[in-house]
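The next block holds one structure in the form of structure tokens; read it before the comments.
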Amino acid sequence: MRGETSLASDKVARQKFASQLRDSGVQSGTVAIELFDFANMLDDNAAVERALTDPSRPAHDKIVLTDKLIGDTVDPLTKEILEDLVSRKWSRVDHIANAVEDLAVDATLYYADVKGVTSTVAIELAKIHSAFINIAPVRAKLSDTRMSANGRVAFLRELLRNQRLNPLTVRLAEHATRDLRNRRFLSTLQWLIDEISHHMGESVVTVTSAIPLRKEQFAKIIAAYSAKLGRQVHINSVVDPNVLGGMRIQYGAEVHDSTVVAQLQRLKQMVSVPA
């Protein structure tokens, strides 16, 4: 968990730049890429992180170092964001990379808004999450720190090769495996889905079933989860014949699985338990 100082610095910075990112139009897409690149650089350079978060070092010195690192080719808004972040206080050295990542995600979502694909990206990320959740070898490989980041990304690209996904969906999914930062791929993917839900002002609930949901089923689930969560929900419907029957409903880390496959697995576990 982040300390209070880091949480405060992160929150204030995101609030400060929200309107600028929202109003920057397609420029926000460039800012997002540059911020992700900087976060990756920080993760690979502990000495740089220490230098940029050293509380005894004047803010001006840290800004000068940041400008040397990013050069003259980055977007002016990227430069402004990074200079602001290095001027703030952080509870731990590595928390600054988390803050850069948070603002990179914010910039990506404002860019998605401009392109009119925010909801599409949320749904597609949820489908990827649902597709991999029960495939342990895939999950393990996408979170394997013994592999290189490029190796994990190449593996993910092969998995998604025949899927028609929005480029922003692919970019965020690749980030989730490229920059693990002591996280698991699926947990990062779920965090991204939650961030998009918060950004949209609604929550995404993924429902996996053997056959397409009927209209009355959609309405019932929307009503139940809207009441439970206290906000409007969006249903991401995934059809997977392998579940045989019933449905699996997932919101965040909470999963309600009433599929036939899940029931058979539970029954098998009960039978195999020695008396």
Side-chain angles (χ1 to χ4, degrees), residues 2 5-6 9-115 145 148-154 156-157 167-183 188 192 195:
R2 302 192 206 181
T5 299
S6 290
S9 293
D10 189 304
K11 181 179 180 180
V12 172
R14 293 178 77 177
Q15 291 175 340
K16 176 180 178 179
F17 290 105
S19 60
Q20 288 178 254
L21 289 170
R22 182 179 61 245
D23 297 339
S24 64
V26 295
Q27 175 192 7
S28 58
T30 300
V31 173
I33 293 172
E34 292 173 346
L35 290 177
F36 275 131
D37 287 345
F38 195 83
N40 292 338
M41 183 276 295
L42 289 176
D43 287 334
D44 292 336
N45 293 273
V48 173
E49 278 190 322
R50 286 193 295 272
L52 294 177
T53 57
D54 185 350
S56 66
R57 189 170 188 171
H60 173 73
D61 288 355
K62 291 185 278 191
I63 289 173
V64 170
L65 174 58
T66 301
D67 291 345
K68 288 181 179 178
L69 290 169
I70 61 179
D72 299 324
T73 59
V74 301
D75 189 280
L77 183 52
T78 302
K79 182 175 184 291
E80 184 180 354
I81 290 172
L82 292 175
E83 289 180 347
D84 179 89
L85 290 177
V86 301
S87 300
R88 297 186 182 277
K89 296 184 182 299
W90 303 97
S91 305
R92 278 179 35 185
V93 169
D94 57 343
H95 288 175
I96 191 171
N98 292 331
V100 176
E101 179 187 46
D102 286 344
L103 278 152
V105 172
D106 290 346
T108 301
L109 299 186
Y110 284 118
Y111 180 67
D113 291 343
V114 173
K115 293 295 184 178
T145 56
S148 68
N150 289 338
R152 293 192 301 271
V153 170
L156 178 63
R157 287 176 179 171
L168 286 182
T169 302
V170 176
R171 181 188 301 174
L172 290 174
E174 288 182 359
H175 172 71
T177 191
R178 175 184 290 110
D179 199 357
L180 292 173
R181 199 173 301 124
N182 297 317
R183 303 174 301 200
T188 303
L192 290 169
E195 286 291 298

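Just so you know, these numbers come straight off a predicted model, no measurement behind them.
Checking side-chain atoms of Ser91 against main-chain N and O of Ser6 turns up a donor-acceptor pair under 3.5 Å. Remark: the backbone N or O of Gly25 is paired with a side-chain donor or acceptor of Ser28 at under 3.5 angstrom.
Heavy-atom neighbours of Asn182 CG from other residues, nucleotides or ligands within 6.0 Å: at or below the threshold of 12.
Here the OG1 atom belonging to Thr169 is positioned 11.0 Å from the CD atom belonging to Glu174, to the nearest 0.5 angstrom. Here the CG-CG distance, from Asp179 to Asp43, works out to 4.0 Å after rounding to the nearest 0.5 Å. Note that CD of Glu101 and OG1 of Thr108 are 10.0 Å apart. Values are rounded to the nearest 0.5 Å. The distance from atom CG of Asn98 to atom CG of Leu103, rounded to the nearest 0.5 Å, is 11.5 Å. Here CZ of Arg178 is found 13.0 Å from OG1 of Thr188. Values are rounded to the nearest 0.5 Å.
The shortest heavy-atom contact between Val74 and Glu34 is CA-OE2, 3.4 Å. Across Ala173 and Leu156, no two heavy atoms sit closer than the pair O-CD2, 3.4 Å. Contact record, Leu42 with Ala97: CD1-CA, 3.9 Å, taken as the closest heavy-atom pair.
Considering only residues two or more places apart in sequence or on other chains, Arg88 meets the salt bridge (Lys or Arg N to Asp or Glu O under 4.0 Å) condition with Asp84. Residues passing the side chain to side chain donor-acceptor pair (under 3.5 Å) test with Asp113, sequence neighbours excluded: Thr118, His199. Looking at residues two or more places apart in sequence or on another chain, you find a ring pair (Phe, Tyr, Trp, His ring centres under 6.0 Å) between Phe36 and His175. For Arg50, the side chain to side chain donor-acceptor pair (under 3.5 Å) test picks out no residue, with sequence neighbours left out. The side-chain contact (heavy atoms from CB on, under 4.5 Å) test applied to Leu77 returns Phe17, Gln20, Leu21, Ser24, Gln27, Val31, Asp75, Glu80, Ile81, not counting sequence neighbours.
Looking at Tyr111 and Lys115, their side chains come closer than 4.5 Å, going by heavy atoms from C-beta outward. Taking 4.5 Å as the limit, some side-chain heavy atom of Leu85 sits within range of a side-chain heavy atom of Trp90. Here the side chains of Leu35 and Leu82 are in contact, with some heavy-atom distance below 4.5 Å. Side-chain contact check for Asp37 versus Met41: every heavy-atom pair is 4.5 Å or farther apart.
Between Glu49 and Arg181 there is no salt bridge, since no side-chain N of the basic residue sits under 4.0 Å from a carboxylate O of the acidic one.
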Using a 3.5 Å cut-off and no angle test, enumerate the donor-acceptor pairs between side-chain atoms of residues 57-73 and protein atoms at least two apart in sequence or in another chain.
residue	atom	partner	partner atom	Å
Lys62	NZ	Asp54	O	3.2
Thr66	OG1	Lys62	O	2.8

